[in-house]
Amino acid sequence: MAKTIRLLDTTLVLLPEKALLLPEYATLVVADWHLGKASHFRKAGIFMPLPAAAADADRLQALLATYRIETLVLLGDLFHSDLNSEWLAFERFRTANRSVRFVLTRGNHDILPDRLFRQAGVEVMPAYTLGARIRCTHAPEPPPDETVLNVAGHIHPGCVIPARGRQAYRLPCFYHHRQTLLLPAFGKLTGMHIMKPVRGASIYPVAGNGVLELPC
């Protein structure tokens, strides 16, 4: 089940699919898809399962079909490496969603030339602003003042939840602290950076089909 929060008079829906819905703007935001990563490692002789990329695309397609989405914001690291066969799959995905505007805030792994993104119908920019309060970037940036919320990726936030028998679960999470909201990595073939609880922070683990809230 999704978790709905309010920040700066804006409704934000944290989805268990590791995406952020901004219903007031008909906008869906995802971070760090890392398409092409499996093919990149396979080319280097390291086995990586290709079906994971298809599963990510199916998950995103389901979200676009479920909600009223006019704009899809990709918070950087859309494509992990040099051009490979997974780019063709992304082009097919883009073609299947012509009515949706695709915006990419370029990340450190987005090394493909701008012309390829333009040909695929993806607008590339350093940051994307919604209204006067939401600024989307790949890596977190200090907001100009307390009236702006920075929505970012890059960190791949995760958390540890203690369990019985001296065990613990490592889960991806949404992480809000002050004027920054970090999104979990959307792609399955990504690692996690465990966020430490700090005073004033809110941690929202993604557990199965739900988004929880941890006390800090």
Checklist entry - Does Arg135 come within less than 4.0 Å of Glu141, counting only side-chain N to carboxylate O? => result yes
Next on the checklist: Walk me through whether Val100 and Thr71 qualify under side chain to side chain contact (heavy atoms under 4.5 Å, CB included).
Outcome noted: CA-CA 5 Å; Val100 178; Thr71 303; 5.7 Å; no
Checklist entry - Gly153 and Ala31: which non-hydrogen atoms are nearest, and at how many Å? => result CA-CB, 3.8 Å
Checklist entry - Would you say the side-chain atoms of Lys18 pair up with the backbone N or O of Pro184, donor to acceptor, closer than 3.5 Å? => result no
Checklist entry - Looking at Pro16 and Gly210, what are the two nearest heavy atoms and their distance? => result CB-N, 3.7 Å
Item to check | Spatial distance of atom CZ (Arg170) from atom SG (Cys159) [nearest 0.5 Å] | outcome: 10.0 Å
Checklist entry - Is there a side-chain contact between Pro23 and Val13, using heavy atoms and a 4.5 Å cut-off? => result yes
Next on the checklist: Are Leu130 and Leu72 connected into the same hydrophobic cluster when the rule is that any two of I, L, V, M, F, W, Y join if their side-chain heavy atoms are below 4.5 Å apart?
Outcome noted: no
Checklist entry - Going from CZ on Phe93 to CG on Leu88, what distance comes out if it is rounded to the nearest 0.5 angstrom? => result 15.5 Å
Checklist entry - From His177 NE2 over to Ile203 CD1, what is the distance, rounded to the nearest 0.5 angstrom? => result 10.0 Å
Checklist entry - Under 6.0 Å between ring centres, would you say that holds for His193 and His154? => result no
Checklist entry - Rounded to the nearest 0.5 Å, how far does CG of Leu14 lie from CD of Glu213? => result 9.0 Å
Next on the checklist: Between Asp110 and His138, is the side chain to side chain contact (heavy atoms under 4.5 Å, CB included) condition met? List the steps.
Outcome noted: CA-CA 10 Å; Asp110 294 312; His138 171 58; 5.8 Å; no
Checklist entry - Do Thr129 and Ile134 have side chains that get closer than 4.5 Å, going by heavy atoms? => result no
Item to check | Minimum heavy-atom distance Ile111-Asn108, with the two atoms named | outcome: CG2-O, 4.0 Å
Item to check | Interatomic distance, Thr11 atom OG1 to Tyr25 atom OH [nearest 0.5 angstrom] | outcome: 10.0 Å
Checklist outcome for this item: Nearest heavy-atom contact between Val148 and Ala132 is CG2-O, 3.9 Å
Item to check | Verdict with reasoning, Leu35 to Leu78, per side chain to side chain contact (heavy atoms under 4.5 Å, CB included) | outcome: CA-CA 6 Å; Leu35 274 166; Leu78 166 62; 3.9 Å; yes
Next on the checklist: Do His176 and Ile5 make a side-chain contact, defined as non-hydrogen atoms from C-beta onward lying under 4.5 Å apart?
Outcome noted: no
Checklist entry - Does Phe102 have Arg94 sitting over its ring (NZ/CZ under 6.0 Å from centre, angle to axis within 45°)? => result yes
Next on the checklist: Before you tell me yes or no, could you show the steps for Leu183 and Ile155 under side chain to side chain contact (heavy atoms under 4.5 Å, CB included), namely the whole-Å CA-CA distance, both residues' side-chain angles and the distance that decides it to 0.1 Å?
Outcome noted: CA-CA 8 Å; Leu183 270 58; Ile155 305 297; over 6 Å; no
Checklist entry - Can Leu28 be reached from Phe186 by stepping across I, L, V, M, F, W or Y side chains whose heavy atoms are under 4.5 Å apart? => result yes
Next on the checklist: Contact between Arg59 and Asp56 at the side-chain level, heavy atoms closer than 4.5 Å - yes or no?
Outcome noted: yes
Checklist entry - Within a strict 4.5 Å, meaning less than it, do heavy atoms of the Pro205 and Leu214 side chains meet? => result yes
Next on the checklist: Membership question, hydrophobic clusters at under 4.5 Å side-chain separation (ILVMFWY): are Trp33 and Phe79 in the same one?
Outcome noted: yes
Next on the checklist: When you compare the side chains of Gln61 and Asn97, does any donor N or O come within less than 3.5 Å of an acceptor on the partner?
Outcome noted: yes
Checklist entry - Can you tell if the side chain of Lys3 reaches within under 4.5 Å of the side chain of Leu12, non-hydrogen atoms only? => result no
Checklist outcome for this item: What one should report as the nearest heavy-atom pair of Ala152 and Ala139 is CB-C, 3.9 Å
Item to check | Note: Arg6-Glu24 ion pair, threshold 4.0 Å (strictly below) | outcome: yes
Next on the checklist: Is the shortest side-chain heavy-atom distance between Val30 and Leu75 below 4.5 Å?
Outcome noted: no
Checklist outcome for this item: Rounding to 0.5 Å, atoms CG (Leu104) and SG (Cys136) come to a distance of 12.0 Å
Checklist entry - Tell me, do Thr27 and Leu21 make a side-chain contact under 4.5 Å, heavy atoms counted? => result no
Checklist entry - Hey, any chance Leu149 and Phe174 share a hydrophobic cluster, counting ILVMFWY side chains that come within less than 4.5 Å of each other, even indirectly? => result yes
Checklist entry - Taking the six-membered ring for Trp, are Trp87 and Phe117 ring centroids under 6.0 Å apart? => result yes
Checklist entry - Near Asn209 CG, under 6.0 Å, is it more than 12 heavy atoms from other residues, nucleotides or ligands? => result no
Checklist entry - In terms of hydrophobic clustering (I, L, V, M, F, W, Y; side-chain heavy atoms under 4.5 Å; direct or indirect links), are Leu212 and Val206 co-clustered? => result no
Checklist entry - What are the two closest heavy atoms between Val160 and Ala168, and how far apart are they? => result CG1-CB, 3.6 Å
Checklist entry - Is a donor on one side and an acceptor on the other found under 3.5 Å between the side chain of Gln179 and the backbone of Glu146? => result yes
